[in-house]
Amino acid sequence: MGIRLEKAWMDLNAATIASLPAQLGVYQVADSQGTVLSVGYAGARHLFGIRSALEEELHLHGDRATKFRFEFTSNYRSRWDELLMLHLYDHGQLPSHQQAEQSRVGRLSPN
Amino acid sequence: MDFSLNEEQQLIVETTRRFVQSEILPLEDHLDPDAGSLEPADQDRLVAMTKSMGFYGLDIPEEYGGPGLDTTTRALMAIEMSQHRAGLYNPCYGVFGGAGLAQLYEATDAQKERWLYPTLRGEKKGCFALTEPSGGSDPARAIQTRGIKDGGEWVLSGSKLYISGADKADYALIFARTSDDPGRNGVTAFIVDTDTPGFYVRRVVHTLRATHYATELQFDEMRVPEENILGEVNGGFAIANDRLSRQRIPYAAGCIGPAIRAQEMSIDWAKNRETFGSPLAEKQAIQWMIVDNEIDIRHSRYCVLEAAQKADSGERFRTEAAMAKLVATEASSRVIDRCIQIHGGVGVTKDLPLERWYRELRIRRVGEGPSEVQRLIMARDILGGSFK
Ligand SMILES: Cc1cc2nc3c(=O)[nH]c(=O)nc-3n(C[C@H](O)[C@H](O)[C@H](O)COP(=O)(O)OP(=O)(O)OC[C@H]3O[C@@H](n4cnc5c(N)ncnc54)[C@H](O)[C@@H]3O)c2cc1C
């Protein structure tokens with residue numbers, strides 16, 4: 001099983017968000033260049049799961065955030081940590097607003 | 001056996017209970033239901049509190065600066081410390097501190113300086129890497145990771161599976177086969193810094209437990225100096241057995257806390273929830289579930305306290321510790337299952353802690369020696385060595 005989030009990117013806008021089921025999972029949000037702006041999760045505290053989480057991302061990044069991809073999982077905490085570690089491995093640091101997580105997450109050396 | 005608490009134990013139990021109720025539960029109201037850690041500021045504040053209470057580093061032996069609790073008192077605390085949502089695998093989110101890997105207390109002075117003392121000071125973390133893809137119940141036979149001597153070093157190659165916390169560890173205790181002996185006499189324990197070239201954490205292994213996740217490790221011709229061997233070459237399995245059996249007792253006790261809390265919640269719910277014109281508590285089917293819960297909780301408690309008292313009085317307690325682990329993990333699983341049934345739909349939602357306890361307790365019947373292995377230990381003791 002591949003450990004990277006390899007789903008297709010989707011346009012991030014109110015209409016796409018509204019079309020998603022209100023499930024729990026993990027996601028990445030990126031700008032038009034493909035730079036990942038957030039690696040996040042939709043947890044049980046998000047009223048409408050992934051929909052509410054992505055609405056928060058839109059609010060946070062505004063027009064910069066243009067696309068997203070997601071994966072539904074009830075193991076959103078461990079999968080989120082795994083994606084953060086992968087991001088750290090690939091880019092050397094986490095997205096700027098998530099730097100505080102850097103001291104919390106571990107190290108991964110994927111094949 | 002007398003299971004009544006002495007004055008000091010009573011005070012410790014009450015203090016711990018108050019701490020959980022006034023410090024942990026309110027914070028949990030705002031955390032993700034699967035959270036495994038507190039906000040750093042809360043963590044620091046609560047660690048300062050446990051230090052001022054003299055309870056920090058509960059499992060550290062007195063000669064190493066720990067509070068010197070006996071096993072019974074430690075088990076009683078474990079029952080209290082686990083009475084919250086994250087309580088099974090993160091009792092009080094670790095604000096009572098850790099004691100490091102039990103095996104490190106058998107290390108040489110130089111090894112203690114390098115790994116044990118920094119761990120006790122909270123500066124380093126270790127992980128325990130025994131299980132391999134080939135199996136964990138019978139590691140002595142299953143271990144395939146090889147250690148080959150090359151001059152003053154050992155070259156380790158192989159893999160490990162389900163290793164908790166390896167991604168955040170500064171060092172790992174790795175068991176490798178170092179001779180042609182196919183059993184326990186061919187295995188050596190190595191302490192390996194995780195930044196050693198050839199040490200790889202390949203992936204997170206997602207399980208029913210969302211925090212403290214397990215990982216898969218790979219060792220690719222990892223060179224480890226001779227002085228990193230813990231104990232004797234080919235003597236890796238002889239290390240710290242007594243300490244490990246002793247640890248099994250608070251481990252078992254930690255399963256009872258969620259069962260007690262779930263039973264309290266269910267009694268409350270049964271008295272207030274009405275169906276068919278009367279409270280659930282008036283239905284015999286519900287009453288019997290509550291009674292069966294009480295039997296399971298008390299049975300677990302007696303087994304844990306019996307094992308703890310034997311350990312404290314210097315008697316043999318291996319059978320009792322195995323029994324406590326088996327009974328507490330299985331009985332608490334049954335209790336949580338019944339409590340979910342009593343709660344109905346809300347019992348399986350993330351609005352209540354029951355679903356997390358249900359998932360995490362399932363792991364407790366496999367981890368730290370599965371139920372079958374505990375039965376095996378007891379059978380050996382009861383039937384005698386010739387029936388291995
Ligand atoms: C979340 C999690 C975290 C873990 N963390 C760690 C860790 O940090 N470090 C580490 O080293 N390991 C860790 N483990 C591994 C754990 O200790 C093993 O899963 C356990 O020892 C069982 O080994 P196995 O999974 O390979 O099962 P197997 O050994 O393949 O056994 C399969 C089943 O057969 C049963 N069985 C085996 N022998 C007998 C017998 N003689 N009679 C009857 N039944 C038998 C077992 O009880 C088990 O139920 C972790 C596991 C999990 C799930």
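Sequence lines set the chain letters: A, B, ... in the order given, protein chains first and strands last, and positions in each chain run from 1.
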*Asks:* May I ask you to name which of B:Gly36, B:Ala35, B:Pro40 has the most heavy-atom pairs under 4.5 Å with chain A?
*Replies:*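 Maximum pair count with chain A is reached by B:Ala35.
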
*Asks:* Can you confirm whether B:Arg273 is buried at CZ, in the sense that more than 12 heavy atoms of other residues, nucleotides or ligands lie under 6.0 Å from that atom?
*Replies:*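 No, the 6.0 Å shell around CZ holds no more than 12 heavy atoms from other groups.
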
*Asks:* B:Glu216 versus chain A, heavy atoms under 4.5 Å apart: side chain, backbone, both or neither?
*Replies:*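 Neither part.
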
*Asks:* List the atom of B:Lys350, the atom of A:Ala44, and the distance in Å for their closest heavy-atom pair.
*Replies:*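 Taking every non-hydrogen atom into account, CD-CB, 3.4 Å.
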
*Asks:* Compare every heavy atom of A:Leu108 with every heavy atom of B:Val204, then report the nearest pair and how far apart it is.
*Replies:*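 Nearest pair, atom of B:Val204 first, then A:Leu108: N-CD1, 4.4 Å.
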
*Asks:* If you count the non-hydrogen atoms of other residues, nucleotides and ligands that lie under 6.0 Å from CD in A:Gln102, is the total more than 12?
*Replies:*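 Enclosed.
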
*Asks:* Can you tell me which portion of B:Ser37 sits under 4.5 Å from chain A's heavy atoms? Options are side chain, backbone, both or neither.
*Replies:*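 Contact with chain A is through the side chain of B:Ser37 alone.
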
*Asks:* Considering residues, nucleotides and ligands other than B:Gln341, do more than 12 of their heavy atoms fall under 6.0 Å from its CD?
*Replies:*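 Counting neighbours around CD of B:Gln341, 12 or fewer heavy atoms of other residues, nucleotides or ligands fall under 6.0 Å, so no.
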
*Asks:* Drop me the distance from A:Arg77's CZ to B:Thr211's OG1, to the nearest 0.5 angstrom.
*Replies:*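 OG1 of B:Thr211 is found 8.5 Å from CZ of A:Arg77.
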
*Asks:* Please check if the number of heavy atoms outside B:Asp195 that lie under 6.0 Å from its CG is greater than 12.
*Replies:*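 More than 12 heavy atoms, drawn from other residues, nucleotides or ligands, come within 6.0 Å of this atom.
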
*Asks:* Looking at A:Arg107 and B:Ala169, would you say the former's side chain and the latter's main chain have a donor-acceptor pair under 3.5 Å?
*Replies:*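 Yes; judged by distance alone, with no hydrogens or angles, the pair exists.
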
*Asks:* Look at atom CD of B:Glu39 and say whether more than 12 heavy atoms of other residues, nucleotides or ligands are closer to it than 6.0 Å.
*Replies:*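 Counting other residues, nucleotides and ligands, CD of B:Glu39 stays at 12 neighbours or fewer.
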
*Asks:* Do the non-hydrogen side-chain atoms of A:Asp81 and B:Lys168 ever get within less than 4.5 Å of each other?
*Replies:*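 Yes - at least one pair of side-chain heavy atoms lies under 4.5 Å apart.
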
*Asks:* Quick one: what part of A:Leu24 sits under 4.5 Å from any heavy atom of chain B, side chain, backbone, both or neither?
*Replies:*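 The side chain, not the backbone.
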
*Asks:* Could you measure the distance from the CG atom of B:Asp32 to the CH2 atom of A:Trp80? Nearest 0.5 Å is fine.
*Replies:*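 Those atoms lie 9.0 Å apart.
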
*Asks:* OH of B:Tyr358: more than 12 outside heavy atoms within 6.0 angstrom?
*Replies:*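 12 or below, so no.
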
*Asks:* Closer than 3.5 angstrom, by distance alone: can the side chain of A:Arg45 be matched with the main-chain N or O of B:Leu31 as a donor-acceptor pair?
*Replies:*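 Confirmed, A:Arg45 side chain pairs with B:Leu31 backbone.
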
*Asks:* Is B:Tyr200 close to chain A through its backbone or its side chain, or both, or neither, when contacts mean heavy atoms under 4.5 Å?
*Replies:*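 Both the backbone and the side chain of B:Tyr200 come within 4.5 Å of chain A.
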
*Asks:* Which residues pass the side chain to side chain contact (heavy atoms under 4.5 Å, CB included) test with A:Asn75, not counting sequence neighbours?
*Replies:*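 Side chain to side chain contact (heavy atoms under 4.5 Å, CB included) check on A:Asn75 returns A:Thr73, A:Ser78, B:His206.
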
*Asks:* Under 3.5 Å, side chain of B:Arg202 to main-chain N/O of A:Ser109, donor-acceptor pair present?
*Replies:*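 At least one qualifying donor-acceptor pair exists.
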
*Asks:* Less than 4.5 Å to any heavy atom of chain A: does that hold for the side chain of B:His212, its backbone, both, or neither?
*Replies:*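 For B:His212, neither part sits under 4.5 Å from chain A.
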
